[in-house]
S.K.: 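If you scroll down you'll find the structure; I have some questions about it.
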Amino acid sequence: MLGRILSLFMMASLTVAFAAGADLGAGTKAEELNVPAIVMFFIFVAATLGITYWASKRTKSASDFYTAGGGITGTQNGTAIAGDYMSAASFLGITGMVYLKGYDGLIFSIGFLVGWPIILFMISEQLRNLGKYTFADVTAYRLKQKPVRILAALGSISVVILYLIAQMVGAGKLIEILFGLDYEFAVVLVGILMILYVAFGGMLATTWVQIIKAVLLLAGTTFMSIMVMAKFGFSFDALFTQATEIHSKGVDIMSPGGLVSDPISAISLGIALMFGTAGLPHILMRFFTVADAKEARKSVFVATGLIGYFYVLTFIMGFGAIVLVLGDPAGSYLAADGVTLKGMNNMAAVWLAHAVGGDYFLGFISAVAFATILAVVSGLTLAGASAISHDLYANAFAKGKVDENKEMNVSKVATIAIGIAAIFFGIAFEKQNIAFVVALAFTIAASANFPVLFMSIFWKKLTTRGAVLGGYVGLISALVLVILGPVVWTQILGNETAIVPYKFPAVFSVPIAFVAIWFFSITDKSEDAQRCMDEFDAQDIRCQTGIGSDGAVAH
Amino acid sequence: MTQEQVQQIKNNPKYKKLVGTRSRFAWTLTVIMLVVYYAFILFIAFSPETLGTKISPDGMATWGIPVGIAIIVFAFAMTGIYVRRANGEFDGLLNDLKNDIEKEMK
């Protein structure tokens with residue numbers, strides 16, 4: 001049955017693709033159809049649908065669906081985490097930022113990376129020892145299930161939806177430019193594919209899609225960086241010298257510039273990037289796919305290495321793009337104004353691929369960029385669907401008294417619902433500035449998810465009331481501060497000056513959340529508060545050692 | 001786990017040693033990482049020209065580049081150090097402790 005659905009879908013999408021192509025060829029010549037890219041993209045889609053079919057036969061229990069049965073090795077999981085992290089925003093966004101601003105791009109990469117050691121030292125094995133499917137399992141371990149699960153699920157779903165919007169809009173734009181296909185068609189295609197991966201293949205398929213894409217992306221960017229360096233005799237100085245001669249900012253691109261001009265913004269960005277990472281539900285969920293704490297640690301080690309290596313490459317690629325794309329004598333990569341790149345500055349990495357490897361390599365990198373978006377949206381969708389089916393449905397409302405098959409059906413319905421919502425938002429937000437949605441997603445993750453998670457692991461006196469009220473205070477303050485900030489208040493709502501002058505308000509909202517959690521916990525004198533504290537020692541033993549979790553998790 | 005067992009494990013010297021050593025180690029590494037990262041951030045905020053100083057007068061490369069890449073490598077090295085010690089020494093202590101507990105339960 002599934003096989004038939006998949007092959008039908010393949011045929012339908014191919015037909016539509018060719019129809020769109022024929023249409024474009026006959027009509028306007030605005031966007032040329034990129035044939036090698038489309039061919040490579042469909043090879044990728046076919047391969048991943050094959051994996052989904054294979055995974056669907058192995059996905060029988062809820063544990064298979066949410067965590068691939070805990071059977072992923074540390075190295076595999078580390079590669080998948082790196083895949084989740086090397087999203088289109090990292091690949092295209094950071095290369096584009098280096099291309100545009102030089103050194104400042106590196107500041108972002110470093111901020112995205114340094115969260116990882118902290119996650120390893122503080123929460124990765126604790127999560128693995130305590131949790132089962134979602135990070136809410138950890139926060140609800142000794143607190144009252146219902147209110148805490150609802151809070152955690154709302155936090156997860158907000159982050160997932162915001163992140164999804166950014167990825168969908170990015171995917172639509174990318175396909176429009178690279179493949180010469182319609183924006184709406186692209187968004188619908190991404191939505192349908194991710195529903196198929198997640199609903200049928202669960203975590204197993206999602207993980208393998210992520211691993212394949214990570215390997216392709218790393219291979220492609222390595223090749224591109226070597227080609228760039230080869231043109232400069234493998235001398236960084238030669239590369240930098242030429243780049244400063246070509247770039248309009250000259251030697252300024254070699255030092256920190258206007259990206260973070262005041263100290264508070266710099267620190268706030270640092271907090272949002274570092275702690276935001278530790279609160280992203282689709283990343284946290286990956287710690288439950290491995291067998292034990294040892295493999296969880298190994299995953300972080302592998303992930304940090306791959307992500308760090310990748311960021312060094314983005315730096316080389318950004319500078320390479322300045323010389324080879326911006327400085328291309330024919331100027332064929334520039335838009336009509338002669339200044340911006342075709343398809344905006346986020347396309348620096350893609351045009352660099354063409355400059356160093358011609359049409360076919362451009363096709364390869366385009367297909368990889370698109371595969372990147374597909375893989376990341378699948379991971380996000382799975383995290384969102386799990387929050388709905390496992391936290392809201394099974395534990396908060398049915399109080400754990402549901403049959404596993406029913407829970408899995410709910411997660412499949414949730415997957416479809418999230419997929420449709422993502423398609424809808426992707427189309428509705430086409431013309432919106434998506435930078436603020438990413439800022440908001442990271443700020444919410446850092447201010448609502450991370451403090452509650454951290455305190456429930458380490459603080460004995462945390463009570464249900466403290467976690468719930470503190471979590472909502474963090475969530476709401478993050479939302480309000482972002483709305484009053486420069487991106488929403490001035491750029492979107494069109495007011496003159498922002499009430500809060502910071503794009504990333506994490507430096508305020510994260511401490512507000514911690515203080516609120518502390519305050520509402522210590523003033524809580526209820527019976528339940530006493531019970532939460534009494535149960536801390538047993539939780540701590542399991543959290544530190546894994547004793548008691550071996551049997552409890554049906555892996 | 002009953003309250004009695006919880007107390008028993010908590011009083012086990014091996015448990016105390018494991019948790020004590022590991023938390024000290026984890027917190028130390030965390031603080032080092034935060035100091036390194038925020039020192040970098042504060043340089044960007046207060047003294048960007050320091051990172052913009054050229055390494056050699058003939059070249060274009062500035063100190064900011066090796067420093068930035070060094071932080072990336074450093075973060076990776078820190079995770080390596082932690083994983084090595086945790087997967088060796090700490091897991092050894094943990095297995096000892098688990099054996100103890102199993103005997104006690106019998």
Side-chain angles (χ1 to χ4, degrees), chain A residues 103-104 106-107 109-111 113-114 116-118 120-122 125 235-244 251-252 254-257 259-267 269-270 274 293-294 297-298 300-301 303-305 307-309 311-312 315 534 537-538 540-542 544-548, chain B residues 1-3 5-7 9-10 15 18-19 22-23 25-30 32-34 36-38 40-46 48-56 58-65 68-69 71-76 78-80 82-84 86-87 91 94 97-98 101:
Chain A
Y103 188 81
D104 279 353
L106 190 62
I107 300 174
S109 327
I110 293 171
L113 188 78
V114 291
W116 281 105
I118 310 291
L120 172 67
F121 307 150
M122 292 287 136
E125 52 196 281
S235 152
F236 279 101
D237 250 335
L239 170 66
F240 294 146
T241 308
Q242 276 212 38
T244 50
V251 290
D252 284 354
M254 300 308 298
S255 53
L259 186 67
V260 273
S261 42
D262 65 298
I264 294 185
S265 293
I267 295 165
L269 176 69
M274 188 180 247
K294 191 180 220 133
R297 289 179 208 125
K298 238 189 255 168
V300 181
F301 178 63
T304 313
I307 297 166
Y309 170 70
Y311 282 151
V312 174
F315 193 66
D534 291 344
D537 285 341
D540 198 37
I541 288 173
R542 173 160 161 182
Q544 298 280 357
T545 63
I547 292 169
Chain B
M1 263 185 283
T2 63
Q3 276 302 320
Q5 285 169 322
V6 168
Q7 284 312 318
I9 296 175
K10 280 199 71 179
Y15 179 77
L18 170 69
V19 172
R22 194 177 54 196
S23 337
F25 187 54
W27 279 105
T28 312
L29 294 185
T30 302
I32 294 174
M33 195 66 235
L34 289 175
V36 167
Y37 177 57
Y38 281 101
F40 175 69
I41 290 286
L42 292 178
F43 263 111
I44 292 166
F46 291 105
E49 58 285 356
T50 313
L51 293 171
T53 317
K54 281 187 186 177
I55 297 175
S56 87
D58 323 320
M60 255 310 149
T62 51
W63 279 109
I65 290 161
I69 291 175
I71 295 176
I72 292 179
V73 174
F74 181 73
F76 177 57
M78 295 280 277
T79 60
Y82 181 83
V83 171
R84 204 185 152 86
N87 282 1
D91 274 0
L94 178 62
L97 174 70
K98 279 185 176 163
I101 294 168

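Chain naming here is simple, since letters A, B, ... match the order of the sequence lines and numbering starts at 1 in each. Values reported hereafter were calculated over all heavy atoms of this structure, with side chains retained and with hydrogens, waters and symmetry mates removed. Nothing here was measured: the structure is a model prediction, and the numbers come from that model.
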S.K.: Taking every non-hydrogen pair under 4.5 Å, which of B/Gln7, B/Met33, B/Lys54 racks up the most with chain A?
M.R.: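 So the answer, after comparing B/Gln7, B/Met33, B/Lys54, is B/Met33.
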S.K.: Which pair of non-hydrogen atoms, one from A/Ala538 and one from B/Val6, has the smallest distance, and what is that distance?
M.R.: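 So the minimum-distance heavy-atom pair works out to CB-CG2, 3.7 Å.
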S.K.: Is it the backbone or the side chain of B/Met78 that comes under 4.5 Å from a heavy atom of chain A, or both, or neither?
M.R.: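 B/Met78 touches chain A through backbone and side-chain heavy atoms alike.
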S.K.: Does CZ in B/Phe25 sit with more than 12 non-hydrogen atoms of other residues, nucleotides or ligands closer than 6.0 Å?
M.R.: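 Counting neighbours around CZ of B/Phe25, more than 12 heavy atoms of other residues, nucleotides or ligands fall under 6.0 Å, so yes.
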S.K.: Using heavy-atom distances under 4.5 Å, tell me whether B/Tyr15 contacts chain A through its side chain, its backbone, both, or neither.
M.R.: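 The side chain, not the backbone.
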S.K.: Side chain, backbone, both or neither: which part of A/Leu106 has an atom under 4.5 Å from a heavy atom of chain B?
M.R.: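 Contact with chain B: side chain only.
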S.K.: By a 4.5 Å heavy-atom criterion (distance strictly below it), what part of A/Asp540 contacts chain B: side chain, backbone, both, or neither?
M.R.: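 Both the backbone and the side chain of A/Asp540 come within 4.5 Å of chain B.
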S.K.: Answer whether the closest heavy-atom distance between the side chains of A/Val114 and B/Leu34 falls below 4.5 Å.
M.R.: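 No. Closest side-chain heavy atoms not under 4.5 Å.
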S.K.: Counting only heavy atoms closer than 4.5 Å, note whether B/Trp63 contacts chain A via side chain, backbone, both or neither.
M.R.: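 Looking at B/Trp63, nothing touches chain A.
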S.K.: Output yes when a side-chain donor or acceptor of B/Thr62 lies under 3.5 Å from a complementary backbone atom of A/Met254, and no otherwise.
M.R.: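 Flag set: sc B/Thr62 to bb A/Met254 pair under 3.5 Å.
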S.K.: Among A/Ser255, A/Pro117, A/Gly308, A/Ala303, single out the residue with the greatest number of heavy-atom pairs under 4.5 Å to chain B.
M.R.: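 Most heavy-atom pairs under 4.5 Å with chain B: A/Pro117.
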S.K.: For B/Glu49, which atoms come within 4.5 Å of any heavy atom of chain A: side chain, backbone, both, or neither?
M.R.: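 Interface part for B/Glu49: neither.
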S.K.: Based on non-hydrogen pairs under 4.5 Å, which of A/Ala243, A/Ser235, A/Ala293, A/Gly111 is most in contact with chain B?
M.R.: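 Going by pairs under 4.5 Å, I would pick A/Gly111.
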S.K.: Are any non-hydrogen side-chain atoms of B/Gln3 and A/Asp537 less than 4.5 angstrom apart?
M.R.: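 No. Closest side-chain heavy atoms not under 4.5 Å.
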S.K.: Between A/Thr241, A/Leu239, A/Val312, which shows the greatest number of heavy-atom pairs under 4.5 Å with chain B?
M.R.: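 That would be A/Thr241.
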S.K.: Is chain A contacted by the side chain of B/Phe43, its backbone, both, or neither, given a heavy-atom distance below 4.5 Å?
M.R.: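 When you check distances to chain A, no heavy atom of B/Phe43 falls under 4.5 Å.
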S.K.: Taking A/Asp237 for its side chain and B/Ala61 for its backbone only, find out whether a donor-acceptor pair lies under 3.5 Å.
M.R.: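 Side chain of A/Asp237 to backbone of B/Ala61: a pair is present.
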S.K.: Looking at every heavy atom in both B/Tyr37 and A/Gly270, which two are closest together, and how far apart are they?
M.R.: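 Heavy atoms only, the tightest pair is OH-CA, 3.3 Å.
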S.K.: Compare every heavy atom of A/Trp116 with every heavy atom of A/Thr304, then report the nearest pair and how far apart it is.
M.R.: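 The answer is OG1-CB, 3.6 Å.
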S.K.: Report the option among B/Ile41, B/Thr30, B/Asn87, B/Val83 that has the most heavy-atom pairs separated by less than 4.5 Å from atoms of chain A.
M.R.: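 The residue among B/Ile41, B/Thr30, B/Asn87, B/Val83 with the greatest pair count is B/Asn87.
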S.K.: Compare all side-chain heavy atoms of B/Tyr38 with those of A/Ile267 and state whether any distance is below 4.5 angstrom.
M.R.: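 In contact.
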S.K.: Which atoms of B/Asp91 are under 4.5 Å from chain A, going by heavy atoms: the side chain, the backbone, both sets, or neither?
M.R.: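 The answer is the side chain of B/Asp91.
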S.K.: With a 4.5 angstrom heavy-atom cut-off, could you sort out which part of B/Leu94 is near chain A: side chain, backbone, both or neither?
M.R.: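 For B/Leu94, side-chain heavy atoms alone lie under 4.5 Å from chain A.
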S.K.: Between B/Ile55 and chain A, with a heavy-atom cut-off of 4.5 Å, which part of the residue counts as in contact: side chain, backbone, both or neither?
M.R.: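 The answer is neither part of B/Ile55.
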S.K.: With only heavy atoms counted, which part of A/Thr244 is less than 4.5 Å from chain B, the side chain, the backbone, both or neither?
M.R.: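 The side chain, not the backbone.
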S.K.: Are A/Phe121 and B/Arg22 close enough that some pair of their side-chain heavy atoms sits under 4.5 Å apart?
M.R.: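 Contact flag for A/Phe121/B/Arg22 side chains = no.
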S.K.: Where does the angle between the aromatic ring planes of A/Phe315 and A/Tyr103 fall among parallel (under 30°), tilted (30 to 60°) and perpendicular (over 60°)?
M.R.: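 Because their plane-to-plane angle is over 60°, the rings of A/Phe315 and A/Tyr103 count as perpendicular.
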S.K.: Flag the one option from B/Thr53, B/Ile65, B/Thr50 with the top tally of heavy-atom pairs under 4.5 Å to chain A.
M.R.: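 Most heavy-atom pairs under 4.5 Å with chain A: B/Ile65.
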S.K.: Below 4.5 Å from any heavy atom of chain B, which atoms of A/Ile541 appear? Answer side chain, backbone, both or neither.
M.R.: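 Contact with chain B is through both the backbone and side chain of A/Ile541.
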